[in-house]
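Below is one structure, written out as structure tokens; comments come after it.
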Amino acid sequence: MTTLAIKEAVEFEDTFLQDKIERRAYDQREKAIRDYYSYMNAFKEEGITLGMKKANINTAINLLKLGVDVDTIVKGTGLSIQDVEALKIKIK
């Protein structure tokens with residue numbers, strides 16, 4: 001970059017920082033962007049968690065159909081004993 005370009009950028013920044021309305025609008029846009037990414041990240045994590053739970057439930061159902069005991073299924077899937085027992089009742 002040239003010295004002239006740097007000088008122009010600094011002058012623009014000074015002008016921008018002095019204009020309270022522009023500065024507030026900029027801050028609000030930046031906050032909206034951060035909020036958006038935060039929400040998307042939270043929904044992504046929630047979706048992954050729900051997907052993993054569904055996969056564990058499907059695995060537990062398949063293992064129950066194969067006659068695997070409940071304790072082994074609990075250890076292998078991370079589901080609670082109550083969840084596995086409820087699945088066992090459902091598939092009968």
Restricting to side chain to side chain contact (heavy atoms under 4.5 Å, CB included), what partner residues turn up for [X], sequence neighbours left out?
{"X": "Ile91", "result": "Ile61, Leu64, Lys65"}
{"X": "Ser80", "result": "Gln82, Asp83"}
{"X": "Arg29", "result": "Ala25, Tyr26"}

Return the minimal non-hydrogen interatomic distance between [X] and [Y], and the atom names on each side.
{"X": "Ile73", "Y": "Val68", "answer": "CD1-O, 3.5 Å"}
{"X": "Ala60", "Y": "Leu79", "answer": "CB-CD1, 3.8 Å"}
{"X": "Val84", "Y": "Val74", "answer": "CG2-CG2, 3.8 Å"}

Checklist entry - Under a single-linkage rule joining Ile, Leu, Val, Met, Phe, Trp and Tyr whose side-chain heavy atoms are separated by less than 4.5 Å, which residues share a cluster with Ile48? => result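 Met52, all in the cluster of Ile48.
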
Item to check | ILVMFWY cluster membership beyond Leu4 - transitive side-chain contacts under 4.5 angstrom | outcome: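 When side chains under 4.5 Å apart are linked, Leu4 ends up in no cluster with other residues.
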
Checklist entry - Among all residues two or more places apart in sequence or in another chain, which pass the salt bridge (Lys or Arg N to Asp or Glu O under 4.0 Å) test with Lys88? => result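 Per chain and number, Lys88 pairs via salt bridge (Lys or Arg N to Asp or Glu O under 4.0 Å) with no residue.
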
Checklist entry - Roughly how far, to the nearest 0.5 Å, is CG of Asp27 from CD of Glu22? => result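 Reported to 0.5 Å precision, the distance equals 11.0 Å.
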
Checklist entry - Which distance, rounded to the nearest 0.5 Å, do you find between the CG of Leu87 and the CG of Asn58? => result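 The distance works out to 9.5 Å.
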
Next on the checklist: Side-chain heavy atoms nearer than 4.5 Å, only ILVMFWY residues, links allowed to pass through others: does that put Val70 and Leu66 together?
Outcome noted: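 They do share one cluster, since a chain of ILVMFWY contacts under 4.5 Å joins Val70 to Leu66.
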
Next on the checklist: I'd like to know whether CG of Leu50 has more than 12 heavy-atom contacts from other residues, nucleotides or ligands below 6.0 angstrom.
Outcome noted: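 Counting other residues, nucleotides and ligands, CG of Leu50 exceeds 12 neighbours.
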
Checklist entry - Who are the side chain to side chain donor-acceptor pair (under 3.5 Å) partners of Thr72, not counting sequence neighbours? => result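 Side chain to side chain donor-acceptor pair (under 3.5 Å) list for Thr72, sorted by chain: Asp69.
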
Next on the checklist: Show me the pairs that pass salt bridge (charged side-chain N to carboxylate O under 4.0 Å, His left out) and involve residues 72-82, at least two apart or across chains.
Outcome noted: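 Sorted pair list comes back empty.
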
Can you give each donor-acceptor pair under 3.5 Å made by side-chain atoms of residues 35-46, sequence neighbours left out, with the distance rounded to 0.1 Å?
residue	atom	partner	partner atom	Å
Asp35	OD2	Lys31	NZ	2.8

